Amino acid sequence: MIYVENISKRFGEHIVLSDITFNIQKGICTAFIGKNGAGKSTLLDIIVGNKQLDTGKIRDEYNLLNPERMAILFQKSQFPKMLKVRELFKLHQSFYKKVISIAKFQEITQFDERQLDQMADSLSGGQKRLLDFALTLVGRPDFLIMDEPTAAMDIETREHFWDVIADLKSKGMTILYTSHYIEEVERMADHVVLLDKGIIQISDTPENIRKNGSHSIINIPNHYHKALENVEHECQIITNGHYYKIETKEVDKIIHYLIGENVNLNDIEIHKSSLLDVMFNNKDGVIEL
């Protein structure tokens with residue numbers, strides 16, 4: 001367990017982090033989410049020792065923050081212009097006592113022999129990101145930290161990346177990452193920390209977050225506007241383009257009401273609130289960047 005206790009950080013008069021307290025549990029996947037400027041990257045930098053905290057402390061029970069046990073995937077990396085992928089792999093192998101094999105490296109990167117002999121700097125953006133990720137795993141770390149790991153990846157590459165992460169999770173690796181992709185948080189995180197203006201707003205499991213804010217959403221075409229004029233059940237109705245979005249915890253009562261108003265149920269959609277709906281208060285379904 002890593003205990004982050006009452007951390008604060010400011011740059012000049014600007015408070016970046018204020019009284020941050022949470023735990024990183026060994027063997028689980030923790031996600032930081034929030035808008036740009038929320039303090040996520042600064043918090044990561046403090047945890048790994050790249051920035052000094054002003055107040056508070058970090059306790060590391062399992063010595064996971066030891067450089068020999070920790071690997072970091074930063075938001076952006078640059079590769080030497082005159083090194084091939086294979087040469088970069090061998091270079092990183094030389095840094096560690098325990099290393100992955102070239103076969104495992106190829107499994108992670110999905111690179112063939114031709115790509116192994118390609119200059120690393122000439123790869124596409126998504127390939128570079130996958131290469132950077134694979135290089136962080138060369139030393140077989142126990143604790144993996146990633147800042148916006150799937151930036152520049154296409155959908156297929158991103159799917160492969162999260163398959164690799166799922167495999168690492170199954171083997172007990174401790175993972176901490178930031179992401180703007182809420183679906184990645186819902187899919188992979190065991191614990192979610194929502195930062196806003198340097199303050200933790202939510203720190204809980206995805207299941208508890210959904211449970212505490214659970215409601216159903218009914219989408220109904222706007223030509224049924226008259227049917228919605230006399231709804232007496234507890235709900236919130238929001239105009240959403242060509243649809244009305246009805247948010248309610250009384251979905252059965254709303255459905256019976258709509259049937260009574262001769263609404264064709266084939267025209268409506270019903271789904272449970274997502275983690276995004278709960279955490280960002282339904283602000284158009286996006287995280288503002």
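Not measured: the values here are computed from a predicted model. These values consider heavy atoms only, across backbone and side chains, with no hydrogens, waters or symmetry-generated copies.
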Ignoring hydrogens and geometry, is there a side-chain-to-backbone donor-acceptor pair from [X] to [Y] under 3.5 Å?
| X | Y | result |
| --- | --- | --- |
| Arg10 | Leu17 | no |
| Arg140 | Arg69 | no |
| His256 | Asp252 | yes |
| Tyr3 | Thr21 | no |
| Arg158 | Met153 | yes |
| Gln93 | Ile100 | yes |
| Thr42 | Gly39 | no |
| Gln106 | Ala103 | no |
| Asp45 | Asn50 | no |
| Glu148 | Gln75 | no |

Which heavy-atom pair separates [X] from [Y] by the least distance, and what is that distance?
| X | Y | result |
| --- | --- | --- |
| Ala120 | Leu131 | CB-CD2, 3.9 Å |
| Thr136 | Ile72 | CG2-O, 3.5 Å |
| Leu194 | Gly34 | CD1-CA, 4.2 Å |
| Ala227 | Tyr257 | O-OH, 2.6 Å |
| Pro206 | His191 | CD-N, 4.2 Å |
| Leu65 | Phe143 | CD2-CE2, 3.6 Å |

Can you confirm whether [X] is buried at [atom1], in the sense that more than 12 heavy atoms of other residues, nucleotides or ligands lie under 6.0 Å from that atom?
| X | atom1 | answer |
| --- | --- | --- |
| His223 | NE2 | yes |
| Lys51 | NZ | yes |
| Glu234 | CD | no |
| Leu265 | CG | yes |

Check your understanding: Stepwise, does the side-chain contact (heavy atoms from CB on, under 4.5 Å) test hold for Asn23 with Ile2?
Key -> CA-CA 6 Å; Asn23 300 328; Ile2 297 173; over 6 Å; no
Would you compute the distance between atom [atom1] of [X] and atom [atom2] of [Y] and round it to the nearest 0.5 angstrom?
| X | Y | atom1 | atom2 | answer |
| --- | --- | --- | --- | --- |
| Lys245 | Asn222 | NZ | CG | 15.0 Å |
| Asp54 | Ser18 | CG | OG | 11.0 Å |
| Asp132 | Lys128 | CG | NZ | 10.5 Å |
| Gln115 | Met119 | CD | CE | 15.0 Å |
| Tyr62 | Met1 | OH | CE | 7.5 Å |
| Gln118 | Asp112 | CD | CG | 9.0 Å |

Review point. Under the side chain to side chain donor-acceptor pair (under 3.5 Å) test, which residues partner His92, sequence neighbours left out?
Key: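 With sequence neighbours excluded, His92 shows a side chain to side chain donor-acceptor pair (under 3.5 Å) to no residue whatsoever.
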Check your understanding: Are the aromatic ring centres of Tyr177 and Phe32 under 6.0 angstrom apart?
Key -> no
Practice item. Evaluate side-chain contact (heavy atoms from CB on, under 4.5 Å) for Val193 paired with Ile20, printing each intermediate quantity in order. Key: CA-CA 10 Å; Val193 177; Ile20 299 296; over 6 Å; no
Validation row: [X], [Y] side chains within 4.5 angstrom (heavy atoms):
| X | Y | result |
| --- | --- | --- |
| Pro141 | Met173 | yes |
| Leu195 | Ile200 | yes |
| Ile270 | Ile255 | yes |

Review point. Run the salt bridge (charged side-chain N to carboxylate O under 4.0 Å, His left out) check on Arg59 and Glu5 step by step: do they pass?
Key: CA-CA 8 Å; Arg59 293 190 292 120; Glu5 300 176 349; 2.7 Å; yes
Going only through I, L, V, M, F, W and Y residues with side-chain contacts under 4.5 Å, is there a path from [X] to [Y]?
| X | Y | result |
| --- | --- | --- |
| Leu228 | Ile268 | yes |
| Ile28 | Ile175 | no |
| Ile15 | Ile7 | no |
| Val99 | Leu73 | yes |
| Leu116 | Leu130 | yes |

Side chains of [X] and [Y]: is there a donor and an acceptor less than 3.5 Å apart?
| X | Y | answer |
| --- | --- | --- |
| His233 | Thr248 | no |
| Thr30 | Gln25 | no |
| Asn208 | Thr205 | yes |

Would you call [X]-[Y] a salt bridge at under 4.0 Å N-O?
| X | Y | value |
| --- | --- | --- |
| Lys104 | Glu107 | yes |
| Arg187 | Asp163 | yes |
| Asp190 | Lys169 | yes |
| Arg86 | Glu113 | yes |

Exercise for review: Please lay out, stage by stage, how Phe161 and Phe133 fare under the test ring pair (Phe, Tyr, Trp, His ring centres under 6.0 Å).
Suggested key: CA-CA 9 Å; Phe161 170 86; Phe133 170 58; 4.6 Å; yes
Review point. Which is it for Val251 and Ile217 under the side-chain contact (heavy atoms from CB on, under 4.5 Å) test, yes or no, and what are the steps along the way?
Key: CA-CA 8 Å; Val251 64; Ile217 297 173; over 6 Å; no
Check your understanding: Does the pair Glu61 and Lys26 meet the rule for a salt bridge (charged side-chain N to carboxylate O under 4.0 Å, His left out), with working shown?
Key -> CA-CA 9 Å; Glu61 282 193 347; Lys26 187 175 183 292; over 6 Å; no
Exercise for review: Run through the side-chain heavy atoms of Ile, Leu, Val, Met, Phe, Trp and Tyr, join any pair under 4.5 Å, and report what else lands in Tyr243's cluster.
Suggested key: none
Check your understanding: Should Leu123 and Phe111 be marked as a side-chain contact (heavy atoms from CB on, under 4.5 Å) after you check the CA-CA gap, both sets of side-chain angles, and the distance that decides it?
Key -> CA-CA 11 Å; Leu123 297 171; Phe111 290 171; 4.0 Å; yes
